[in-house]
Amino acid sequence: MIYTEAVPFRRPDGVLTLFKAGCNIFYSGAHRTVNHDRRLPGGLMFSMNSPGHYANSLAKRGLQDSFEAATDFVRETAFRSIGNGGIGCPHVPSASWHNENTEGHHAAPERKRPHYIPDNFDPTRYSAVYHTDVLVPTDVTSDSRTVHGSYEEVGAEVWPHLILDYISTEEFPPDHVNYGLFHGHPIEECARYHNPWPPRVAHNEELFEY
């Protein structure tokens, strides 16, 4: 199951909204395993991540010139985060990586992108091993397989269709998979601690629903 959290945000017009947020788990036992990207020096940490909430907050606080500029910044930050999770252990690669562009999608040019982002990367989809950017199953958090070379060598499951195109200023209807990600779901004050996003079954295939 994929579990999401609800993060409150008050728009400049005073309307209270909720954003859908991804739940990530970090723990010390992840070091050098198939979940290496989610290692922590000690203890256990849950992170609720909402790029859309972040973009709206940047625009509201004047840290970006507009919501459009904030969305571009968050999208570029997402590009840079993918493939950058292997730091701290030279024997373990990042548990996520960019797909090559095969469908004619093009990202805006950026002269200073890091070396781990290929020139022909797909800006709409990326790949990751079966880890907690996707969901938090017991067979991942208890996985003790040590990675010395590649994830394929230890039989890690790869999810090649993880989406990035939800990072958009486009508004989606309530029944769309991207609803609540970059435009908040309006709520009444009494519902500010309610999570309207039910768990969803995960499917490792193109355009699976969160």
| said: Within the structure provided, determine whether Asn204 and Pro160 are in side-chain contact (heavy-atom separation under 4.5 Å). | reply: yes

| Mind checking whether Trp159 and Val129 have side chains closer than 4.5 Å, heavy atoms only? | no

| Got Val147 and Thr33 here, is their nearest side-chain heavy-atom distance under 4.5 Å? | no

| said: Which residues pass the ring-ring contact (aromatic ring centres under 6.0 Å, His included) test with Phe172, not counting sequence neighbours? | reply: His176

| query | Which residues satisfy the ring-ring contact (aromatic ring centres under 6.0 Å, His included) test with His194, sequence neighbours excluded? | reply | none

| Residue pairs fulfilling salt bridge (Lys or Arg N to Asp or Glu O under 4.0 Å) with at least one residue in residues 51-69, sequence neighbours excluded | none

| said: Keeping Ser28 on the side-chain end and Pro41 on the backbone end, is there a donor-acceptor pair under 3.5 Å? | reply: no

| message | Has Tyr166 got a side-chain atom pairing as donor or acceptor with Val177's backbone, closer than 3.5 angstrom? | response | no

| query | Who pairs with Glu171 by side-chain hydrogen bond (donor to acceptor under 3.5 Å, both in side chains), at least two apart in sequence or on another chain? | reply | none

| message | How long is the straight-line distance from CH2 of Trp97 back to OG of Ser127, given to the nearest 0.5 Å? | response | 5.5 Å

| Which distance, rounded to the nearest 0.5 Å, do you find between the NE2 of His183 and the OG of Ser168? | 7.0 Å

| In Å and rounded to the nearest 0.5 Å, what is the CD1 to CD distance from Ile163 to Glu206? | 9.0 Å

| Could you give the distance from CG (Asn178) to CD1 (Ile167), rounded to the nearest 0.5 Å? | 10.0 Å

| Charged N to carboxylate O under 4.0 angstrom, Asp122 versus Arg125? | no

| side-chain hydrogen bond (donor to acceptor under 3.5 Å, both in side chains) involving Asp119 - partner list, sequence neighbours excluded | none

| message | Holding to side chain to side chain contact (heavy atoms under 4.5 Å, CB included), I want the full list of residues that pass it with Thr77, two or more places apart in sequence or in another chain. | response | Phe73

| Residues in side-chain hydrogen bond (donor to acceptor under 3.5 Å, both in side chains) with Arg10, at least two apart? | Glu189

| Can you name the side chain to side chain contact (heavy atoms under 4.5 Å, CB included) partners of His53, sequence neighbours left out? | Val7, Phe9, Phe19, Ser50

| field | Non-neighbouring partners of Ile117 that pass side chain to side chain contact (heavy atoms under 4.5 Å, CB included), sequence neighbours left out | value | Phe79, Arg80, His98, Arg113, Pro114, Phe121

| request: Check for a donor-acceptor pair, side chain of Asn56 on one end and backbone N or O of Arg11 on the other, with a separation under 3.5 Å. | output: no

| remark: d(Asp37 CG, Ser94 OG) to nearest 0.5 Å is 4.0 Å

| query | Is any side-chain heavy atom of Thr71 less than 4.5 Å from a side-chain heavy atom of Phe182? | reply | yes

| message | Tell me the closest heavy-atom pair linking His36 and Gly85, and the distance in Å. | response | CD2-O, 3.7 Å

| remark: In terms of heavy-atom contacts, Val34 and Ala156 come closest through CG1-CB, 3.8 Å

| query | Remaining members of Ile187's ILVMFWY cluster at a side-chain heavy-atom cut-off under 4.5 Å? | reply | Leu16, Leu18

| Partners meeting side chain to side chain contact (heavy atoms under 4.5 Å, CB included) with Ser81 (sequence neighbours left out) | none

| Stepwise, does the side chain to side chain contact (heavy atoms under 4.5 Å, CB included) test hold for Asn24 with Phe46? | CA-CA 6 Å; Asn24 300 312; Phe46 288 92; over 6 Å; no

| message | With side chain to side chain contact (heavy atoms under 4.5 Å, CB included) as the criterion, how do Val158 and Tyr151 come out once you've worked through the C-alpha distance, each side chain's angles and the decisive distance to 0.1 Å? | response | CA-CA 8 Å; Val158 173; Tyr151 293 108; 5.6 Å; no

| field | Pairwise side-chain contact, Leu164 with Tyr126, heavy-atom cut-off 4.5 Å (strictly under) | value | yes

| said: Running the 4.5 Å side-chain criterion over Ile, Leu, Val, Met, Phe, Trp and Tyr, what cluster does Trp197 land in, apart from itself? | reply: Tyr179

| query | Which heavy-atom pair separates Pro198 from Pro196 by the least distance, and what is that distance? | reply | CD-O, 3.1 Å

| message | Once rounded to the nearest 0.5 Å, what's the spacing between atom CG of Leu181 and atom NZ of Lys20? | response | 5.0 Å

| query | With a 3.5 Å cut-off and no angle check, do the side chains of Ser47 and Asn49 form a donor-acceptor pair? | reply | no

